[in-house]
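Keep in mind that what you see is a predicted model, and the values were worked out from it rather than measured.
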Amino acid sequence: MSDIIQLLPDSVANQIAAGEVIQRPASVVKELVENAIDAGAGSVRVVVVDAGRTTIQVIDDGCGMSETDARLAFERHATSKIRHADDLFALTTMGFRGEALPSIAAVAQVELTTRMASDDIGTRLTLQGSKVTGQEPVACPVGSNFKVENLFFNVPARRKFLKSNATELNNILQAFERIVLVYPGVAFSLFSNGQELMNLRQGNLRQRINDVFGRKLGQELLPVGVDTAFCRISGFVGKPEAARKKGAATYFFVNGRFMRHPYFHKAVANAFERLVAEGMQVPYFIYFDVSPADIDVNIHPTKTEIKFENEQAIWQILTAAVKDAIGRFCEIPSIDFDTEGRPDIPPFDPQRDNVAMPRVTYNPGYNPFAGSAGGTVDSGDSKPYGSDSRRKSSSDWQTLYDAALARGGEPDPQPLFPEEEPPLADKSPAHYQYKGRYIMTAVKSGLMIIDQHRADLRIRYDRYMARDAHNAPHTQRVLFPEMIEFSPSENVVMQQSLPQLAAMGFEVSDLGGGSYAVSGVPAGLDGLDPVALVRNIVADAAAAVQSSASLQETVALSMARQAAIPYGQVLTNDEMERVVNELFVCSNVNYTPDGHTIIAILPQHDIDQLMKDQ
């Protein structure tokens, strides 16, 4: 029997490795920009065409490479950043595995132009599918210029499954933001199809946050700072009023590297407990400086998952640091009730203090409960408010009704003390609201229970989805236009959502630079904050594009979620009747658009069994 195990060719091995490191155009941008930072660049320029499908170009003014290093850099596991295994526990650079450049070259056509400051002439190197196709000397500035074209040209299955250009550009911007927030001392610029999306000057961290997310967010940040034996924590955390339901800017960085850490996120959330509503997110930009020996970044190819040796201790330090920042912001002078040893303050005297007092008259015969016919109500009765002894007689209300009609007006539909309503059993149909959450009503098969929020969500979603050119919504204009700012990554989604927002009844004007003015919202959304409404729609749309959901469905569902009847809202029988009637003409009465149950029925047989005598 012949041997069946054999070594893979380098070209195949490189493509397999590229599947882990290079998942989409954003991965290429991340790896090349991080390499530029490691090379000591003071300025980095990124150019993408067709969201990186056609071209990704990263130009830096770093140290550059020699002719030999330029050729060797595209070999697997070739790196200048570590020499021994022990170096993994003392990393001070962004990259270290030596996999990024060979992975990129395995799935794209790459051209590198580079020169060191000590050399008079640079090197141009071209590769295609891991194979070197040319190398020549060239005149060029100091630094490196990577040009990556036709990504996944030799892996058509991978190229086929890339998302839309708007989605891929959004991913590029997110990766770019995570790097620029760590290095405010480096100037960055980003261009897409010839249009400048970012131009960030060198400055401090607060300036960088303002440049990326807008001045409004920058004004809502509180400084955080603490230095301990375990770590040093710095950065900013949002004020309680900066909390958002969705789309809050939440960033953790450790030793200059972006990371995701749900455990530390919970620490920040705990610090804001009882200061913000449940489900709200507070923005934060928190930076950890930890000894490289106390963390492990080599547990995932994307390096966004990091393991801490003293995780619990750092959790406590982080919580205390955030609480201290909030405490300093909310600090108010304490009130001392100890008056001993303090001068006595004389009582107020209007004549002495020359203050004019209003003239007050007293009528001892006045009775606020006197009826319209001169009768009175026995104020000494101990029956509760609203009982028969504290209510006007029917003849009194008839007098008021006749007087209103004589004036040509309408009688008051809600008298101060309305007559007792008949019991629910006498109404047709009758509904009962349970704990401000469920509508309960009798049906032939038993007891029907309807989730009021989910039912109204389904009703509104179907209504929004039915809107078209022939069913145009009414727009309710706001008194003054509301201003809203988006980060570059959010702005890509906002630009994509503008036509759908207009179709739904929003009036939004693009002011440029990620700023917009909201002048009108769809009618029927009274009481909702227009800025929060639009921001939540964009946050939902940004999350939905990853799952390829249609924009119309996303916007309709987001609006329905925010406008639906909230839990805890008391409903009248007529309101419950409306919800039930409108629900049963919806396309799906059993489930919300996102799959949650709306209706449950407690069978009559089960009720009878519960009531049987034991």
Side-chain angles (χ1 to χ4, degrees), residues 243-247 266 269-270 272-281 386 414 418 420-465 522 524-529 532-533 536-537 539-540 543 553-611:
R244 298 179 186 171
K245 192 172 184 179
K246 294 179 181 178
K266 183 66 175 176
N270 283 353
F272 283 90
E273 191 174 7
R274 299 183 182 178
L275 294 177
V276 300
E278 185 178 356
M280 301 291 282
Q281 298 179 353
Q414 293 183 340
E420 288 284 355
E421 293 183 352
L424 289 178
D426 295 338
K427 293 187 176 180
S428 180
H431 306 288
Y432 172 71
Q433 187 181 28
Y434 180 68
K435 292 191 174 181
R437 186 181 183 101
Y438 302 108
I439 298 172
M440 307 180 72
T441 189
V443 292
K444 289 183 179 180
S445 57
L447 182 64
M448 182 171 65
I449 306 170
I450 301 175
D451 186 301
Q452 67 183 43
H453 173 77
R454 294 176 181 177
D456 199 36
L457 189 154
R458 164 55 73 179
I459 294 167
R460 291 176 180 270
Y461 175 81
D462 282 15
R463 188 184 304 156
Y464 297 148
M465 288 296 293
L525 299 181
D526 299 337
L528 295 179
D529 180 4
L533 182 63
N536 288 339
I537 289 174
D540 285 335
E553 293 173 350
T554 301
V555 174
L557 179 56
S558 181
M559 287 177 57
R561 281 174 176 159
Q562 297 178 74
I565 298 171
Y567 294 122
Q569 179 172 322
V570 178
L571 303 178
T572 64
N573 191 74
D574 289 342
E575 290 171 335
M576 289 187 280
E577 178 73 8
R578 178 196 63 78
V579 171
V580 174
N581 290 340
E582 293 187 9
L583 174 64
F584 279 93
V585 297
C586 287
S587 59
N588 189 330
V589 302
N590 293 310
Y591 298 99
T592 63
D594 47 353
H596 296 293
T597 301
I598 299 174
I599 294 177
I601 294 181
L602 183 60
Q604 184 64 43
H605 173 75
D606 291 352
I607 298 175
D608 294 339
Q609 289 294 321
L610 290 172
M611 298 306 294

Legend entry - salt bridge (charged side-chain N to carboxylate O under 4.0 Å, His left out): pairs with one or both residues in residues 563-573, sequence neighbours excluded: none
Inset, instruction - State which residues pass salt bridge (charged side-chain N to carboxylate O under 4.0 Å, His left out) with Glu575; sequence neighbours excluded, sorted by chain then number. - result: none
Inset, instruction - Any chance you could measure Met559, atom CE, to Leu457, atom CG, to the nearest 0.5 Å? - result: 11.5 Å
Inset, instruction - Taking Asp606 for its side chain and Leu602 for its backbone only, find out whether a donor-acceptor pair lies under 3.5 Å. - result: no
Legend entry - Residues which pass ring-ring contact (aromatic ring centres under 6.0 Å, His included) with Tyr567, listed by chain and number, not counting sequence neighbours: His453
Inset, instruction - List in chain and number order the residues that pass side chain to side chain contact (heavy atoms under 4.5 Å, CB included) with Ala539, two or more places apart in sequence or in another chain; answer none if no residue qualifies. - result: Lys246
Inset, instruction - Any chance you could measure Asp540, atom CG, to Gln562, atom CD, to the nearest 0.5 Å? - result: 7.0 Å
Inset, instruction - For the pair Asp462 and Arg458, find out whether any cationic side-chain nitrogen is under 4.0 Å from an anionic carboxylate oxygen. - result: yes
Inset, instruction - Sort and list the pairs that fulfil ring-ring contact (aromatic ring centres under 6.0 Å, His included) and have at least one residue in residues 586-606, not counting sequence neighbours. - result: none
Legend entry - Rounded distance (nearest 0.5 Å) linking atom CG of Asn590 with atom CZ of Arg454: 12.5 Å
Inset, instruction - May I ask you to check whether Asp574 and Thr572 show a side-chain donor-acceptor distance below 3.5 Å? - result: no
Inset, instruction - Side-chain contact test, heavy atoms from C-beta onward, threshold under 4.5 Å: evaluate it for Asp594 versus Tyr461 and give yes or no. - result: no
Legend entry - Asp451 side chain reached by Thr592 side chain, heavy atoms, under 4.5 Å: no
Legend entry - Interatomic distance, Cys586 atom SG to Arg463 atom CZ [nearest 0.5 angstrom]: 8.5 Å
Inset, instruction - Please check if the side chain of Asn536 supplies one atom and the backbone of Ala532 the other of a donor-acceptor pair under 3.5 Å. - result: yes
Inset, instruction - Supply the atom-to-atom distance Met576 CE to Leu571 CG, rounded to the nearest 0.5 angstrom. - result: 6.0 Å
Legend entry - pair Met280-Leu275: side-chain heavy atoms closer than 4.5 Å: no
Sequence neighbours left out, cut at 3.5 Å: what donor-acceptor pairs do the side chains of residues 434-450 make with other protein atoms?
from: Thr441; atom 1: OG1; to: Ala430; atom 2: O; distance (Å): 3.2
from: Thr441; atom 1: OG1; to: His431; atom 2: ND1; distance (Å): 3.2

